[in-house]
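Reading through the structure tokens given below for one structure.
Note: hydrogens, waters and symmetry copies are ignored here, and every other heavy atom, side chains too, is used. Bear in mind that the values here come from a model prediction, so they are computed numbers and not experimental data.
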Amino acid sequence: MMIIRYIEQKDIHDLYHLAQKAGFGLTSLQPDMEMLAARIDRAVKTVVGKLDKSEQGYLFVLEDTALNKVVGVCGIEVALGLKEPWYNFHVGTQVHSSEPLNVYKALPTLYLSNNHTNCSELCTLFLDPDYRLNKNGKFLSKVRFLFLSAFRRYFEETIVAEMRGFSDENGHSPFWDAVGHKFFDMDFAKADYLSGTGKKVFIAELMPRHPLYVDMLPDEAKAVIGAVHPNTVPAYNLLVEEGLRYKGYVDIFDGGATLQADIENLRAIKESHVVQVQVEQSDLIAVGDEPYIVANDDYDNYRAILIYNHPEHNQVKLSEQQARELHVKNSDSVRVLNINIHHKS
């Protein structure tokens with residue numbers, strides 16, 4: 001069975017293997033044991049309430065219980081930019097005009113911004129390529145919305161998601177080569193690694209403070225502003241489905257899009273609901289086509305699974321194994337959400 005739970009200290013080696021598979025550009029998941037250990041420690045301390053808001057961040061893992069193996073990870077940062085500045089570029093416009101010369105030009109620009117300070121962030125989403133089937137990707141991404149719905153009080157009004165920008169299989173980023181590389185004598189892979197190991201603010205502070213005219217960049221760089229890595233397109237589409245939108249903010253390293261939304265307007269927040277558990281024998285549960293995430297809403301021991309039977313009459317039927325994995329029993333309350341989006345006609 002596949003379950004989602006909080007990350008634990010014992011997961012560090014599985015997390016390291018995931019980081020090795022992630023490749024270039026996933027800043028928050030670097031194959032560095034010291035950094036990963038610190039990230040796990042911060043997540044554990046967040047759950048038990050030992051950190052200030054500026055340092056809080058949750059990490060969840062997808063576990064294959066048959067193998068006792070972590071095969072995916074996702075996270076939520078509580079509040080950006082309260083301990084150190086959180087930077088991105090805002091894609092804006094500067095107008096140059098001269099009435100006597102009959103000239104009017106509206107030029108796109110990039111301007112260093114801290115506008116997402118004190119926003120919450122969806123982050124660190126990665127699924128082992130061998131497990132990209134059976135709705136695992138949607139399960140891993142969307143469980144965070146179920147957690148936000150249950151524990152809304154721990155988060156800010158706005159949620160953002162910094163998407164991985166374009167880079168090729170060799171770690172070449174045309175945006176970095178055209179912008180960041182001009183200020184740092186290093187390739188993108190090294191800058192990305194330094195960013196992931198806590199050097200991002202140092203690098204950002206040396207980026208240009210004046211607007212950059214997009215038209216002065218090479219065509220290769222202009223083409224990837226606001227774009228996402230090919231491997232990130234499914235994750236991007238999932239977030240757009242749930243209500244996040246691109247509002248003209250991009251990553252300072254690779255130009256990848258940053259999505260954002262008011263948490264209260266997210267589809268999952270509006271449509272998730274609480275029902276009671278009815279524990280049944282497996283052969284008495286009718287299996288359908290629609291996948292539902294079911295979470296126990298237990299803050300101290302949060303767990304979620306994926307089921308394929310429709311909740312009815314404010315109840316959801318679970319097998320004994322499913323109830324055991326969720327740590328719930330008959331008549332307990334759980335929160336459910338249909339993974340799929342059904343557009344109203």
Are [X] and [Y] in one and the same hydrophobic cluster, where Ile, Leu, Val, Met, Phe, Trp and Tyr link if side-chain heavy atoms are under 4.5 Å apart?
X	Y	value
V78	V47	yes
Y6	L127	yes
Y302	V274	no
I305	V71	no
M1	I307	yes

Closest heavy-atom pair and its distance - [X], [Y]:
X	Y	value
A257	V250	CA-CG1, 4.5 Å
G137	L238	O-CD1, 4.1 Å
P211	T109	CB-CB, 4.2 Å
P129	F126	CD-CZ, 4.2 Å
R42	G57	NH1-N, 3.6 Å
E162	Y87	OE2-O, 4.3 Å

> So Y299 and Y154, ring-ring contact (aromatic ring centres under 6.0 Å, His included) or not? Walk me through it.
Replying inline: CA-CA 11 Å; Y299 179 80; Y154 292 112; 4.9 Å; yes
> Going through the checks in order, is the salt bridge (Lys or Arg N to Asp or Glu O under 4.0 Å) test met by K142 and E241?
Replying inline: CA-CA 10 Å; K142 296 192 178 188; E241 277 186 352; 3.2 Å; yes
Value rounded to 0.5 Å, distance of [atom1] in [X] from [atom2] in [Y]:
X	Y	atom1	atom2	result
N265	E157	CG	CD	11.0 Å
I269	E271	CD1	CD	11.0 Å
L148	I263	CG	CD1	5.0 Å
I7	L59	CD1	CG	5.0 Å

When you measure from the side chain of [X] to the backbone of [Y], do you find a donor-acceptor pair of N or O atoms at a distance under 3.5 Å?
X	Y	result
D332	K329	yes
N237	P234	no
S173	S167	no
H229	N231	yes
D11	L15	no
D14	K69	no
T46	Y58	no
S272	A268	yes
S319	Q322	yes
D32	M35	yes

> Taking it one step at a time, do V91 and L110 satisfy side-chain contact (heavy atoms from CB on, under 4.5 Å)?
Replying inline: CA-CA 5 Å; V91 183; L110 297 172; 3.7 Å; yes
> Parallel, tilted or perpendicular: which fits the ring planes of F188 and W176, with parallel below 30° and perpendicular above 60°?
Replying inline: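 Ring orientation of F188 relative to W176: tilted.
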A quick test of your reading: do over 12 heavy atoms of other residues, nucleotides or ligands sit less than 6.0 Å from [atom1] of [X]?
X	atom1	result
H96	NE2	yes
D289	CG	no
M216	CE	no
E290	CD	yes
Q281	CD	no
K222	NZ	yes
K50	NZ	no
D130	CG	yes

>> I need the single residue from R144, K83, R39 that forms a salt bridge (charged side-chain N to carboxylate O under 4.0 Å, His left out) with E77. Which is it?
In response: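 Going through the options one by one, the only one that passes is R39.
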Going by heavy atoms in the side chains, are [X] and [Y] under 4.5 Å from each other?
X	Y	value
F145	R267	no
D298	R303	no
L62	I4	yes
E242	I341	yes
V334	V275	yes
K138	P291	no
D254	F166	no
L82	T117	yes

> Testing V277, L326, L337 for side-chain contact (heavy atoms from CB on, under 4.5 Å) with V294, which one passes?
Replying inline: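 Output: one option passes, namely L326.
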>> Against F60, only a single residue in I76, T124, L140 fulfils side-chain contact (heavy atoms from CB on, under 4.5 Å); can you say which?
In response: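 It is I76; the other options fail the test.
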> Can you list the steps and then say if M2 with L306 is a side-chain contact (heavy atoms from CB on, under 4.5 Å)?
Replying inline: CA-CA 7 Å; M2 308 302 294; L306 198 62; over 6 Å; no
Do [Y] and [X] have ring centroids that are under 6.0 Å from one another?
X	Y	value
Y131	F139	no
H310	Y292	yes
F147	F151	yes

>> I'd like to know whether L29 forms a side-chain contact (heavy atoms from CB on, under 4.5 Å) with L36, so could you lay out the CA-CA distance, the side-chain angles of the two residues, the decisive distance to 0.1 Å, and finally the verdict.
In response: CA-CA 8 Å; L29 190 63; L36 294 174; 4.1 Å; yes
>> Run L212 and F89 through side-chain contact (heavy atoms from CB on, under 4.5 Å) and show every step you take.
In response: CA-CA 10 Å; L212 301 176; F89 278 129; 4.2 Å; yes
>> Can a side-chain donor-acceptor contact be found between H327 and N301 if the only test is distance below 3.5 angstrom?
In response: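 Yes, side-chain donor-acceptor contact under 3.5 Å.
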> Is it true that the side chains of H116 and N88 contain a donor and an acceptor less than 3.5 Å apart?
Replying inline: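 Their side chains do contain a donor-acceptor pair, which is all the 3.5 Å distance test asks for.
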>> Set out, in order, the CA-CA distance, both residues' side-chain angles and the distance that settles salt bridge (Lys or Arg N to Asp or Glu O under 4.0 Å) for E63 and R5, then state yes or no.
In response: CA-CA 8 Å; E63 179 184 358; R5 57 171 173 80; 2.8 Å; yes
